[in-house]
Amino acid sequence: MENWTQGWLVYRHVEDVGNAQLTRKIKITGFDEEQPMVRNAVAEFRRGIRGMLGGSVTLVHAGAMREGVLVSCRQEIPAEGYRIREADGILQVEAADGPGVLYGIFHVLRLVAMEKPMRGIDVTCRPDNPLRMYNHWDNMDGSIERGYSGNSFFFEDNRVLVNRRTRDYCRLAASVGINGVVINNVNVKEAASWLITERYLGQVKKMAALFAEYGIRLFLSLNFAAPIELGGPDSADPFDEDVTAWWRQKIAQVYEAVPELGGFLVKADSEGRPGPFTYGRTQADGANMLADLVRPYGGIILWRCFVYNCTQDWRDTKTDRARAAYDNFIGTDGDYRDNVILQIKNGPMDFQIREPVSPLFGALQKTNQMLEVQIAQEYTGHQIDVCYLIPMFKEVLDFNTCAACPSRSECTAPVTCCEKRSTVADVVSGRTMHNGNAGICAVCNTGRDENWTGNDLAGANFYGFGRLAYDTGLSAETIAEEWIRLALSNDRQVVEHGKKILLPSRETYEKYTSPLGIGWMVTPMEHYGPSVDGYEYSRWGTYHRADWQGIGVDRTDRGTGYAQQYANPMACLYNGAETCPEELLLFFHHLPYQHRLRSGKTIIQHIYDSHFEGVEEVEEMIRLWKELEGKIEERIYQNVSERFVRQLENAREWRDQVNSYFYRKSGIADEKGRRIY
Ligand code: GCV
C-alpha cells in the first residue's frame, strides 16, 4: 500500500487560543456552495478544524449565524485575493473568485495551526505574481529527471495517474497559492510526446479537471519536433505551412478534449533538443507560431531561454556559456506575441549555489518574462543535504536590474542602487509590462516518497516557493517559521532550532562546496559530491580555469565581456575586481591566489577557511537537531537524522578534496596549519 504524509497540512492537534469558537460554523454567501473550489474550501476547512481543534464543523445553509466563518463574495477584491476580518464573533472571508475563497480558507487554517488568535484580525492579501507554477521534470516511465524523492506520482509505466495522491498534491499546491503546474519533463522523450495524442487525452483531461477544482491550470511540456515524431510532416520548421497546419489540427484536438489546459512549455534548441534555429528561424518565430494557434483557446506559450552551445571546446576561452541566453534572445525583444512568456533561469549558467542574476531580466523591455528557479536540489545537495533556498530566491527577486535607472547607459561610478529601482520582482510580477503575463516557476522537488521531498526539511522549499511566489514581500525567516510550525511543531525550541538550521543552510552548503561564485566542481552528470576537475575539460562550458597561480573566469571587458550584458551601473560594478561583490568574485574575475579580499584574507586562505567552517556548521546543525528528539514526530526525526549523517560525510569530502586540490595547485599552506591532504 502506498502511504504518504500530509506535509504541512497534517492538521495536528493545537492549543485553542480562542479560535475554536470562531470556527465551529461556516456559511457561504454570494458563491454557489457546489462550485468545486468553494466545496473544496469547505471540505478542507472542516477537515482542518476537526484535526486541530477537535469536534465538528457545521455548514450553515440559511439563517443568521451568531459566531462562525462567513465566506462572501466581494467583487472589489482583486483576482485570487481575499480579505479576512473578524468582528463580533464573525470571521469574514471575502473574495471575488474561487481561488480567493480557497486561499482565504487556507490562510485561516494556517493561523489556527500556528496558534495565532484571530479575534480582531483584518488582513488583505493579493498575489504579487500572476503565474505561480511548479514545473515537474517527470517522465512517462515514472522516473524523474533530477528527482531526489522517488518516482513520479503523475506517471507510471507510460500511464497517467489520477488518484487520491493527485488530490493531496493539489491541496498542498493550492494551500500555498500555486495556480499552474507543468506535469512532464521539458526534455520530452518519445513517450511523453504521446501526451498530446488521443490515447492520453482522456487521462490528461481528468487530471486537468481535478487541478481546476483547486484553481490550478495544467500545462504540458511540448516537443518542438512533435510533427516529425508523431507521424506528421518531416519537418518542424515554423514557417512551413504543412507544419503549421499539423499543429493547428493537433492543438484543436487537444483543446477540444482538455479545454482547461493552460498551454505549453517548450525547451527548444537546447541540450540537443530541436528548435527553430535548426531551420534558420528565430526563437520568436518558433514561439509565435505556437502562440497564434493556442490563442483562440486562451492558451499561453512558456518559452525557455536555456539555449546555449553544449559542445564547447574547453580550450576556447572566448565562448562563454554565461553569455548565451542574453546573446540568443536580446535581439528578439519585442518580437513575441503577448501570449508568449520567456522563462528565464535565475542565473546565466544553471542553478548553481551562487550565480549572478541573469542579465536578461531588465534588459528585455518589451517581452513578458517569467523567473525559473529550481527547488529540486540538483546542484544543492540532492535533498540529502539541507539547503533552504528561499533566501537565494529573495536575493534574486530583490536584485536591481537598473532597467529604470536614469544612468543605465552611462558608466558612472559603480553604484549598487539608485532612486529608481527596478527589481526582478517588479519585472516578473508584470508590474512593468502591459498585459500581466508573467510570474515565477520552480522546478519541483517532489516524488513518490512517503514524505514527498526525500528529506523532510526539503518540504520547506516546496512550501516556501509557493508562499514567496504569492507574496514576494514575505521574509525567508517568516516562511521558514510558518513551515516549521505547520509541518513540525509549535514548540518554541523546535521553532528556534528549526530556523537556526534552515536559514543559514544555503550559505553553509556554499561554504563547503565551490567558493566565491565559481560554481560546479561537482561529480559530472550526477551533480552530488566533489570532483574539482570533473567538468574542466568537458564540452559543457563550465570551467573554473584554475592553474598554479590563480583561479576564476575573466568575464570582464578584457575577458568574455559577459559583465557588459548588464545595465551600466551593474556592469561597472562587476567589471572591477575591487568593486565586484566578493561572493561572485571568481565568477567575474581570474585572480591570483594571493589576491586580498576586503576582509584582508587572501583568496586561498578564504577557500581553506570557508571549507573548514562549512563542515563545522553542519556539525552544529546536527547538534541542534539532536536536541529536538522527542519533540517532533519520530519518523521525521529519523528521516532527517539519517540524511544528516550523509550530509556530514559529503561536506567532509568536499572540504578535503577542494582544500587539497588548491593546496597542491598553489603550493600555499594554510595559515592556521590545519590538516590538508
Ligand atoms: C531538464 C540542466 C539539468 C538537466 C535539465 C536542464 C534544463 O542541464 O542538468 O537535467 O534538463 O538543466 O534545465 O533543461
Side-chain angles (χ1 to χ4, degrees), residues 131 180 182-202 204-205 208 217-307 328-329 331-343 364 366-370 435 437:
L131 270 171
V182 182
I183 57 171
N184 63 316
N185 189 357
V186 286
N187 288 331
V188 183
K189 301 209 182 107
E190 202 200 9
S193 297
W194 304 338
L195 275 175
I196 53 169
T197 62
E198 235 176 312
R199 173 170 163 199
Y200 284 103
L201 288 176
V204 173
K205 158 75 195 176
R217 277 195 290 167
L218 186 149
F219 289 72
L220 293 175
S221 290
L222 206 61
N223 186 345
F224 195 76
I228 305 172
E229 276 197 18
L230 296 177
D234 199 22
S235 165
D237 181 353
F239 284 3
D240 181 326
E241 279 176 18
D242 289 344
V243 172
T244 42
W246 185 89
W247 275 117
R248 177 169 298 109
Q249 184 273 333
K250 177 51 68 191
I251 284 170
Q253 180 195 23
V254 171
Y255 269 98
E256 193 184 327
V258 194
E260 301 88 346
L261 192 74
F264 299 102
L265 170 64
V266 187
K267 170 175 179 172
D269 288 309
S270 170
E271 300 189 324
R273 315 295 307 161
F277 282 168
T278 318
Y279 303 95
R281 313 297 180 198
T282 69
Q283 297 296 302
D285 296 334
N288 290 344
M289 181 266 293
L290 292 168
D292 287 340
L293 298 175
V294 298
R295 179 189 304 281
Y297 312 99
I300 56 179
I301 297 298
L302 303 161
W303 193 266
R304 294 179 87 228
C305 294
F306 192 52
V307 179
N328 284 316
F329 283 88
T332 60
D333 188 20
D335 292 349
Y336 297 88
R337 302 287 189 263
D338 62 5
N339 60 334
V340 174
I341 307 180
L342 293 190
Q343 189 165 307
L364 291 170
K366 294 173 283 193
T367 301
N368 300 321
Q369 293 156 68
M370 173 125 163
N435 66 8
N437 260 342

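Because the structure is predicted, anything quoted here is derived from the model rather than measured.
- Closest non-hydrogen pair, Val307 versus Ala268, comes out as CG2-O, 3.6 Å.
- With rounding to the nearest 0.5 angstrom, the CG atom of Asp234 is 10.0 Å from the CG atom of Asp240.
- Not a single donor-acceptor pair under 3.5 Å links the side chain of Glu229 to the backbone N or O of Ser193.
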message: Asn339 vs Val294, test: side chain to side chain contact (heavy atoms under 4.5 Å, CB included). Steps then yes/no.
response: CA-CA 9 Å; Asn339 60 334; Val294 298; 3.8 Å; yes
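- Atoms CG and CD, on Asp269 and Gln283 in that order, are 4.5 Å from each other to the nearest 0.5 Å.
- Formation of a donor-acceptor pair under 3.5 Å by the Ser221 side chain with backbone atoms of Val188 is not found in this model.
- Counting only distance, with no hydrogens or angles, the side chain of Asn288 and the backbone of Tyr336 share no donor-acceptor pair below 3.5 Å.
- The minimum heavy-atom distance linking Ser235 with Val243 is given by the pair O-CG2, 3.3 Å.
- Annotation: side chain of Trp247 is in contact with side chain of Leu222 (closest heavy-atom distance under 4.5 Å).
- The minimum heavy-atom distance linking Pro233 with Asp242 is given by the pair CG-O, 3.6 Å.
- Taking each heavy atom of Ala226 and Ile196 in turn, the nearest pair found is CB-CD1, 4.4 Å.
- In terms of modelled atom types and a separation under 3.5 Å, the side chain of Asn184 and the main chain of Leu220 share no donor-acceptor contact.
- The closest donor-acceptor contact from the side chain of Asn437 to the backbone of Asp338 lies under 3.5 Å.
- In this structure, the separation between CZ on Phe224 and CH2 on Trp303 is 4.5 Å, given to the nearest 0.5 Å.
- Judged by distance alone, the side chain of Gln343 and the main-chain N or O of Ile341 form no donor-acceptor pair under 3.5 Å.
- The side-chain heavy atoms of Phe264 and Ile251, taken from C-beta on, include a pair separated by under 4.5 Å.
- For Pro296, the side chain to side chain contact (heavy atoms under 4.5 Å, CB included) criterion is met by no residue, not counting sequence neighbours.
- Side chains of Ile300 and Asn368 form no contact here, defined as non-hydrogen atoms less than 4.5 Å apart.
- Taking the six-membered ring where tryptophan is involved, the planes of Trp194 and Tyr200 are essentially parallel, since the angle between them stays under 30° and well short of 60°.
- Rounding to the nearest 0.5 Å gives a distance of 11.0 Å between OG1 of Thr278 and CZ of Arg273.
- Between the CG atom of Leu364 and the OG1 atom of Thr332 there is a distance of 7.0 Å, given to the nearest 0.5 Å.
- Within the structure, salt bridge (charged side-chain N to carboxylate O under 4.0 Å, His left out) pairs that include any residue of residues 244-253 do not occur (at least two apart or interchain).
- Considering only residues two or more places apart in sequence or on other chains, Asp237 meets the side chain to side chain donor-acceptor pair (under 3.5 Å) condition with Arg281.
- Residue pairs meeting the side-chain hydrogen bond (donor to acceptor under 3.5 Å, both in side chains) criterion with at least one member in residues 255-264, sequence neighbours excluded, are Lys205-Glu260.
- Legend: residues meeting side chain to side chain donor-acceptor pair (under 3.5 Å) with Asn328, ordered by chain and number and at least two apart, are absent.
- Within the 4.5 Å cutoff, side-chain heavy atoms of Arg217 are placed close to those of Leu131.
- Judged by distance alone, the side chain of Tyr279 and the main-chain N or O of Ala236 form a donor-acceptor pair under 3.5 Å.
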message: What verdict does the side chain to side chain contact (heavy atoms under 4.5 Å, CB included) test give for Leu261 and Tyr297, after you've listed the backbone C-alpha separation in whole Å, the side-chain angles of each residue and the deciding distance to 0.1 Å?
response: CA-CA 9 Å; Leu261 192 74; Tyr297 312 99; over 6 Å; no
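- Between the side chains of Glu271 and Asn187, no donor N or O sits under 3.5 Å from an acceptor N or O.
- Annotation: ring-ring contact (aromatic ring centres under 6.0 Å, His included) contacts of Phe329 (sequence neighbours excluded): none.
- Counting heavy atoms from C-beta outward, Leu201 and Gln253 have side chains that approach closer than 4.5 Å.
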